[in-house]
2 protein chains.
Amino acid sequence: MDIKTTCLGVLMLGAASGYEIRKSFEEGPFSHFAEGGFGSIYPALTKMTQEGLVTCTAHQQEKRPAKKVYQITDAGWTHLETAMRDKIPGEDKIKSDLLFMLFFADWQSPERIARVIDARIAFYQQKLDEMADCGTQFDTISGRSLVLGYGIAVFQASLDYLVANREAFIEVAGQAQPPLLHAAE
Amino acid sequence: MDIKTTCLGVLMLGAASGYEIRKSFEEGPFSHFAEGGFGSIYPALTKMTQEGLVTCTAHQQEKRPAKKVYQITDAGWTHLETAMRDKIPGEDKIKSDLLFMLFFADWQSPERIARVIDARIAFYQQKLDEMADCGTQFDTISGRSLVLGYGIAVFQASLDYLVANREAFIEVAGQAQPPLLHAAE
DNA sequence: GTCCGCATGTAAGTAGTTACATGATTCA
DNA sequence: TGAATCATGTAACTACTTACATGCGGAC
């Protein structure tokens, strides 16, 4: 989904400012399947206001820039609905720098491999804690709560695999030194 | 990793043509953490040849365009090594259209939700079969085999979750009709 | 007194995608 | 006969990232 559709998705859950939309890409329930920085969000909101997909209300604040709160319109909902209808979601293409590095574990130092794995383990543990908290907010089952569960399941599997294979990764590290590369030539 | 580094990674496993590199993004062991189309691969290879990161050998073929086989150089290996050294891999940001759609399951028809879930279940099953085959090619443990195992673990977890929650997703579908949106305003 | 959070935006750049262009072979 | 695979590449476009620009308030 492009940045416009993604913003509309956030606005479906309630009116929000550009700043708040970005926060929900960073922390909230959208954080594990959507992304976008200020540089894409603000222009998208401006354009969608012109196109009538959202309305914008300025809330004056003292000693702060006016907060522009955006709300999705009927046309916006139609746009979102159409985007989802026309989409047959393909594979989630993951561009993973971690997996790329681990793939070449044999050519790298055990220290570096340990460092990147430990960092990721810590990340997943922290993220899973956050998600568990987030889950307590749902009293009924909904698409939102089920998607959160999906995220938890995948993160847990990733964490488990890394914990279980940490030593194995470190053991293969350094097995192939650059010269091996030449031997293969 | 950018397209250049990713191509160098493929070439670390052996000389290949642009066409073959792309295939390994689509099918091979790189397919679940790297991507790139012809439009990015060919220019990248041309540029890297100029920069000395790869060498290019034309293999004449009858009745086909000459196959250009690229091979990584020492400078190429250094480039790859540096890219990995300088990188502290952050979170694997997933832009998932499936999760986006499922998040809004309540607003969509049960039929559509069933269709996208079933398509993804079939995809994971097929992919897991392929990956299991791929795994038989490894006789020793290496970064490559461990990363394959990682991919299998994550895909399996995704598949399991979808299978376990297929009915739940379908049950919430259609619970919120667009009017609810207005009620929230 | 410095950094983080709130709050908005623009401008320049890059990287990647999509579509086009060409053409033989092979399989159903 | 039509589609898929092999095989290369370019041109136009889009979409996003990064850096810049501004500035107050509050916490440490």
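Order of the sequence lines fixes the chain letters, A, B, ..., with proteins taken first and strands second; residue numbering starts at 1 for each chain. Being a predicted model, the structure only gives us computed values, none of them experimental.
Between E27(A) atom CD and dC6(C) atom C1' the separation is 13 Å, expressed in whole Å. Atom pair I21(A):CD1 and dC6(C):P shows a separation of 15 Å (rounding to whole Å applied). In this structure, M48(A) atom CE and dG9(C) atom P are separated by 13 Å, rounded to whole Å. For the pair K67(B) NZ and dT5(D) P, the computed distance is 16 Å after rounding to whole Å. Atom pair Y19(B):OH and dA24(C):P shows a separation of 17 Å (rounding to whole Å applied). Rounded to whole angstrom, the span from the NE2 atom of H59(A) across to the P atom of dT8(C) amounts to 11 Å. Computed from coordinates, the E20(B) CD to dC6(D) C1' distance equals 10 Å when rounded to whole Å. Between the CZ atom of R22(B) and the P atom of dT8(D) there is a distance of 12 Å, rounded to whole Å.
Candidate nucleotides dC16(D), dT10(C), dG9(C) were compared by shortest atom distance to the side chain of K68(A), and dG9(C) ranks first. Here the nucleotide nearest the side chain of Y70(B), chosen from dG9(D), dA7(C), dT17(D), is dG9(D). Proximity note for Y42(B) (side chain, C-beta onward) versus dG9(D), dT8(C), dC16(D): the nearest is dG9(D). You'll find that the side chain of I3(A) is closest to dC16(D), out of dC16(D), dT17(C), dT8(D).
Judged purely by atom type and a 3.5 angstrom limit, Q126(A) has no side-chain atom pairing as donor or acceptor with the backbone of F123(A). The main-chain N or O of L45(A) is found under 3.5 Å from a side-chain atom of T49(A) such that the two form a donor-acceptor pair.
Around atom CD1 of I141(A), no more than 12 heavy atoms belonging to other residues, nucleotides or ligands sit under 6.0 Å away.
Sequence order on DNA chain D of the closest nucleotides to S17(B) and G36(A) puts S17(B) first from the 5' end.
One finds no side-chain N or O of T46(A) lying less than 4.0 angstrom from the OP1 or OP2 phosphate oxygen of dG9(C). Contact annotation: K4(B) does not reach the phosphate of dA15(C) (side-chain N/O to OP1 or OP2, under 4.0 Å).
For the 3.5 Å distance criterion, the side chains of Q125(B) and D129(B) fail to qualify, holding no donor opposite an acceptor.
Here the two rings, on F103(A) and F30(B), have centers that are under 6.0 Å apart.
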